[in-house]
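Heads up, the thing below is written out as structure tokens.
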Amino acid sequence: MSNYLDGLNDVQYKAVTHTDGPVLVVAGPGSGKTRVLTYRIAHLIEKGVAPWEILALTFTNKAAREMKERIGKVVGQRANRVWAGTFHSIFARILRSEAEKIGYPSSFTIYDSDDSKSVISSIIQEMNLNKEHYNPNAVLSRISSAKSNLITPKLYEKDAELRDQDRQAKRPHIYAIYAKYTAKCKRSGAMDFDDLLYRLYELFQKNPDNVLDKYRQKFKYLLVDEFQDTNHLQYSIIRKFVQYPGSAHNICVVGDDAQSIYAFRGATIQNILDFESDFKKHDIQVFKLEQNYRSTEHIVQTANEIIGYNRRQIKKTIWSDKGEGHRIKLIKAMTDTEEGQRIADTILEQKNRYHLSNGEIAILYRTNAQSRVFEEYLRRYNIAYKIFGGLSFYQRKEVKDMVAYLRLAVNPQDEEALRRIINYPKRGIGKTTLDKIATVASQLDKPMWECLGKVQIGKRADAAIADFISMAKTFQVKAQQGDAHEVATYIAKRSGILDELKGDNSVEGMNRLENFNALLDGVKAFVEEDTVIDTENIEDKSLSSYLQNIALLTDLDTKEEENGDYVTLMSVHAAKGLEFKSVFVVGMEEKLFPSFMAMESMDGIDEERRLFYVAITRAEQFLTLSYANSRYRYGQMRYNEPSRFLQEIPLERLEEVSGSRNPTVRPGFSTSEQAGSGGAKVSGHFRKPGRPAVAPGIDPKTFKADNPADIQAGMKVLHLKFGEGKVLAVDGAASSRIATIFFKDAEDPQQRKIMLKFAKLKIIG
DNA sequence: CCTAGGATGTTTTTT
DNA sequence: ACATCCTAGG
């Protein structure tokens, strides 16, 4: 029965079978992390733990789905009874059944970030604040990060440091916006994404009717995937589940500090450190999965080298026995257009030479906007491709409009839904009217819906509002009776949306109608098919149930058939967890990768470096990097220097593609700040990078590199990282001169080959 | 209340 | 470059 354990290596086996007590699994890229997690759950079930006593939290629906499928392969149907799902969906599920205890309707709406932003915008407007300084995006991220750190509006108001930061950013009233935002969501019967976490925390904290004990007893085993991406709030909830007197502390977290790429959203690898110390006294076991089964040595060792430049990391040695493999290719292009063409050329070449299928190839970029050139050339070369990212189905206007009608039918308090559709299609209820009602609602602290029709505006507007109310009421009644599909088709017709869309005969209009119909088809499928989310089949086919189901679906959950053989184009973030035989990481330029937004701080650079680490570790056999000297950005030609990360690649791992199309090469780096710096904090098993980031006695601030073209054999030079050295030889053509330099202070191979174009060297004699 | 065209603001984003 | 947002005039 337990042949599933056979294929595991030693550490994996231990991580799977050591079921009791706290466990931390540090899992390098390609080390079989998902395998350990799923087999561990399967193993628990085989040992007699009931599936519904196991709670497994992931970050994406996809990961949860995959996990369940793989558990199913070992234990069959029982896998569906495991509570496996995303933090948000599992917590939403718990909150649905406990909502009344904290003053929410059980049919609460879930606001997506667009809804949240819209709420914030209306508050900013209401408060008459300067729109220049109060950007809804910035305000939301501020509020979100407060919530993620358990800072309530009251605490925020009293927090001198936060208030000070806000004052300096010229938005001193954020604390007030936060308070209003919270109140507004509450009276709309709505929770935003952060609330799904925060309100659960609050529920457990207040613990009415001992609700917490119920869940502590229910879930005997807790597992967390991608633990490095959890924020403080998520970890606090996890601790609520397992850390209490008498607990068995059966918690297993799996993560990789080197792949933490969501710090900008509040994720903190501090949680991994805290986890170790928090559970130390309960005999925590730490397992490190260090064998990489994905990539060849050139790739794995390059990744190791690069991540070594980061200041803090959990010490581990990732290794591969897949052989050296191919060197990493570096393509240099003059322009972004040329980059696109050269990449397409290379893809064609690889397909011919190594018989790769499109599906084995991916192009990864830092920003979604970069996809266009590649699209163009792939189309021209007749190579099938698919772009991931961008607008998701549920973010399209026509879809959101319809969903808003559905939401309002289920939860009339939902103010965002109301605002969205009260005048769509046009029915003569304009902004002025709406503002008046909103003001009254705010003053009375009541849902806007309840103030509709109670505020006198004028003859015409009042009549329009009365019509709208009676229509919405019929929707609300319908929603209680029919199944989701019946209600939706009724609303589509009766609301006038369908006619509105049918009336538009433009190409975009047809497209919108198509999406709209796709949504209705989705509702139909929901009603007719067995839908499984989180734990069990949904028998409830009501509209309310449907909305709950789709609220947390996003990205590419619109399960498109996996058929079709296409090259994948996506952002590096989106590629996490995936693997391809051949990977192209493009746009390797300063200000792009690393992003200019991240360049001010060392933390920012470190996160970008982890992102680069994630990018290159997606590759199994072929890794190609590219950059362009110039590219269009915001409609203007910009010149960028090659990314600092390129210099961090060991020369012997690189194969430079001598491009015939780029005869001129811009001079190398000037004096911009260098990667890495001293002063790394060393705590616990964290270590300094393999070699000091900056050679002793050199101040990066004052270090000024000389023109690399001047470097000649025999010179004494100063290198920012390796210190003083003597140039033994210079070879290569003008565009790619390579110097062999002897560094007397450096560790390991004292003699290094350095590509002058990249090097920052100061001539000292 | 509605529409056209000028002003504006651009990272990544599991949920 | 481009899409979205805002403001002035119908």
Side-chain angles (χ1 to χ4, degrees), chain A residues 57-65 85-92 110-118 121 125 131-132 135-138 140-141 144 148 191-198 225-226 228-231 233-234 259-267 336 364-370 372-373 388-392 394-395 397 423 426-435 457-458 460-461 464 550-557 570-578 587 591-599 604 607-608 610-612 614-615 631-638:
Chain A
L57 300 171
T58 66
F59 275 83
T60 65
N61 295 307
K62 201 174 132 214
R65 211 183 305 131
T86 65
F87 277 89
H88 292 82
S89 74
I90 295 279
F91 292 178
I110 296 171
Y111 277 175
D112 67 15
S113 2
D114 286 334
D115 294 317
S116 299
K117 268 178 239 171
S118 157
S121 295
Q125 204 182 3
K131 273 172 282 174
E132 310 260 297
N135 164 286
N137 263 318
L140 178 61
S141 92
S144 169
S148 306
M191 295 198 199
D192 69 9
F193 287 144
D194 298 313
D195 286 333
L196 293 178
L197 312 178
Y198 182 75
D225 191 16
E226 307 278 16
Q228 77 282 349
D229 287 334
T230 52
N231 61 32
L233 171 55
Q234 283 161 325
Q259 293 185 67
S260 157
I261 55 174
Y262 287 102
F264 74 96
R265 273 170 81 149
D336 46 359
L364 309 182
Y365 32 73
R366 179 67 242 265
T367 67
N368 284 313
Q370 285 165 257
R372 257 190 48 188
V373 233
F388 293 82
L391 262 199
S392 91
Y394 293 102
Q395 286 180 308
K397 184 187 175 301
N423 200 32
K426 300 263 144 55
R427 45 177 77 91
I429 307 173
K431 193 174 174 304
T432 328
T433 309
L434 210 58
D435 282 348
I457 312 281
R460 257 173 58 187
I550 64 158
L552 296 169
L553 283 189
T554 46
D555 63 300
L556 322 131
D557 291 333
M570 58 170 61
S571 72
V572 180
H573 280 93
K576 192 160 93 161
L578 305 180
K591 298 182 190 171
L592 187 57
F593 201 172
S595 154
F596 68 96
M597 293 296 292
M599 284 174 71
E607 172 139 324
E608 295 285 310
R610 291 192 295 269
L611 194 53
F612 184 46
V614 168
R631 77 171 58 239
Y632 273 98
R633 239 187 151 191
Y634 309 140
Q636 270 197 319
M637 179 83 97
R638 301 293 173 91

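Side chains included, hydrogens not; waters and symmetry mates left out as well; all remaining heavy atoms used. Residue numbers start from 1 in every chain, and the chains themselves are labelled A, B, ... in the order their sequence lines are given, proteins ahead of strands.
Rounded to a whole Å, the CZ atom of A:Arg65 is 14 Å from the P atom of B:dT14. Whole-Å rounding puts the A:Arg427 CZ to B:dC1 C1' distance at 15 Å. Per the geometry, NZ belonging to A:Lys117 stands 12 Å off P belonging to C:dT4, to the nearest Å. Summarising the geometry, the separation between CG on A:Asn231 and P on B:dT14 is reported as 15 Å, rounded to the nearest angstrom.
The aromatic rings of A:His88 and A:Phe193 sit perpendicular to each other, their planes meeting at more than 60°, with 30° as the lower class boundary.
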Walk along nucleotides 3-13 of chain B from 5' to 3' and tag each nucleotide B, S or - by protein heavy-atom contact under 4.0 Å, base first, then sugar-phosphate. S------BBBB
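Atom CG of A:Asp225 is separated from atom CZ of A:Phe59 by 8.5 Å, given to the nearest 0.5 angstrom. For the atom pair CD1 (A:Ile110) and CG (A:Leu552), the distance works out to 4.0 Å, reported to the nearest 0.5 Å. For the atom pair A:Asn231 CG and A:Gln234 CD, the distance stands at 4.0 Å (nearest 0.5 Å).
Shown here is A:Phe264, whose CZ atom has more than 12 heavy atoms of other residues, nucleotides or ligands within 6.0 Å.
Of the possible polar contacts, none joining the A:Asp192 side chain to the A:Tyr111 backbone as a donor-acceptor pair under 3.5 Å is found.
Using a 4.0 Å heavy-atom criterion, one finds that A:Thr433 contacts the sugar-phosphate atoms exclusively. Residue contacts shown for A:Asp112 are absent, as no nucleic acid heavy atom lies under 4.0 Å away.
Positionally, the nearest nucleotide of DNA chain B for A:Ile429 lies more toward the 5' end than for the other of A:Leu196 and A:Ile429.
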